[in-house]
Number of protein chains: 2
Amino acid sequence: MKKQSITQISEQISVPLAAISAPQRIAILLAIGTGEACVCHLETALGWRQAYISQHLMALRKADILQDRREGRYVFYKLRNASFLDLITASAALSGLAAESVSTLVNTRAYPSCECPQCAPVLIPANSL
Amino acid sequence: MKKQSITQISEQISVPLAAISAPQRIAILLAIGTGEACVCHLETALGWRQAYISQHLMALRKADILQDRREGRYVFYKLRNASFLDLITASAALSGLAAESVSTLVNTRAYPSCECPQCAPVLIPANSL
DNA sequence: ATAATATATTCAAATTTACGAATATGAAAA
DNA sequence: TTTTCATATTCGTAAATTTGAATATATTAT
């Protein structure tokens, strides 16, 4: 393998950082957390327009940070590598935030007000069992 | 302490990430490494114009990432927190770079071709001792 | 003082990025 | 097959960022 210049290396290192560095993308990654989230879930969690969220999701996909999976009409996103969250918590620590003020935001649970398939899974009618 | 929204938290987390995410700033931070570097050293290490480097240094100062110290006509910069380098190496790993290809670039040594006070310290004449 | 050296700042043009609006696609339901 | 629902994409413009050029400042040497 040929030796690369500091400029080339830095260029490559910057790709994940640049993709993550926008506050909107950080919010999305936190909202997805260690699990999966569909776009409609993110709409509820963040309160933003659908198209706007999709645009940021596209950027995160192109930077190989997110992975998508279609299931019926829903598309679920998850992190390709959970370490991206570590990057975020590391930056949180450097900006003086307490670890817990971040961890409480990382999505691990369902939102009662959200009607997406995860938060409000369809119940199997008792009479069909 | 009042609970902050995911949007506010993300905004705060993004500050260090945004300041670091430009490839030029990554290169500067790697060139400074765990030690100190004056601007003229960075000129040699990176081969860029002086004013251009100063502009990026200014951005890194404003984001509280770098700290400066004047000594005569030289100004030496160093990281306020060595963990910023960890952020960079973490991102390097996530972008598929081998740890060593980064670590060999982190400045720990003098450049023979550089004439800055660190690389070419003024020798104390023997006859003055 | 004046000159020389190291670094900082300002400004404007060029480039990039963000964001809203509109619209397209793909899957399931009717 | 038409409609509906979830999501994606395109496009134009506004806004932010980058970068080169010019210049200013601070410190030391003469």
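What you see is a predicted model; the values in this text were computed from it and never measured. Each chain gets a letter, A, B and so on, in the order its sequence line appears, and its residues count up from 1.
- Applying the side-chain contact (heavy atoms from CB on, under 4.5 Å) test to A:A92 and every residue at least two apart in sequence or in another chain returns A:L97, A:V102, B:I13.
- Taking atom CG of residue A:L60 and atom P of nucleotide C:dT17, one finds them 15 Å apart after rounding to whole Å.
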Taking N or O atoms only and anything under 3.5 Å, show me the protein contacts with nucleotides 22-24 of chain D, one pair per line.
none

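- Under the rule for a side-chain contact (heavy atoms from CB on, under 4.5 Å), the partners of B:A63 that lie at least two apart in sequence or sit in another chain are B:A19, B:I65.
- Whole-Å rounding puts the A:Y52 OH to C:dT23 C1' distance at 20 Å.
- For the pair A:E43 and A:R49, the minimum side-chain heavy-atom distance is 4.5 Å or more.
- A straight line from CD1 of B:I53 to P of D:dT18 spans 16 Å, rounded to a whole angstrom.
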Where do N or O atoms of nucleotides 1-5 of chain C meet protein N or O atoms at under 3.5 Å, pair by pair?
| from | atom 1 | to | atom 2 | distance (Å) |
| --- | --- | --- | --- | --- |
| C:dT5 | O4' | B:R73 | NH1 | 3.4 |

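- Two different hydrophobic clusters hold B:V15 and B:L66 under the rule that ILVMFWY side chains link at heavy-atom gaps under 4.5 Å.
- Atom P of nucleotide D:dT7 and atom CG of A:L57 are separated by 10 Å, given to the nearest angstrom.
- With sequence neighbours excluded, the residues forming a side-chain hydrogen bond (donor to acceptor under 3.5 Å, both in side chains) with B:N81 are B:S83, listed by chain and number.
- Applying the ring-ring contact (aromatic ring centres under 6.0 Å, His included) test to residues at least two apart or on different chains, none of the pairs has a partner in residues 73-93 of chain B.
- In terms of the side-chain contact (heavy atoms from CB on, under 4.5 Å) criterion, residue partners of A:E11 (sequence neighbours excluded) are, by chain and number, B:P23.
- Under the salt bridge (Lys or Arg N to Asp or Glu O under 4.0 Å) criterion, no residue pair touches residues 88-107 of chain A, with sequence neighbours excluded.
- Against DNA chain C, the stretch residues 12-26 of chain B makes no heavy-atom approach under 4.0 Å.
- The interatomic distance linking A:L42 (CG) with D:dA6 (P) rounds to 14 Å, in whole Å.
- Distances shown here put every side-chain N or O of B:H56 at or beyond 4.0 Å from the OP1 or OP2 atom of D:dT18.
- Dashed line: the shortest gap from a side-chain N or O of B:R61 to OP1 or OP2 of C:dT7 is not under 4.0 Å.
- Among residues at least two apart or in separate chains, ring-ring contact (aromatic ring centres under 6.0 Å, His included) pairs with a member in residues 46-71 of chain A are A:W48-A:Y52, A:Y52-A:H56.
- Shown here are the side-chain contact (heavy atoms from CB on, under 4.5 Å) partners of A:A22, two or more places apart in sequence or in another chain: A:Q24, A:R25.
- Applying the salt bridge (charged side-chain N to carboxylate O under 4.0 Å, His left out) criterion to A:E36, with sequence neighbours excluded, gives A:R69.
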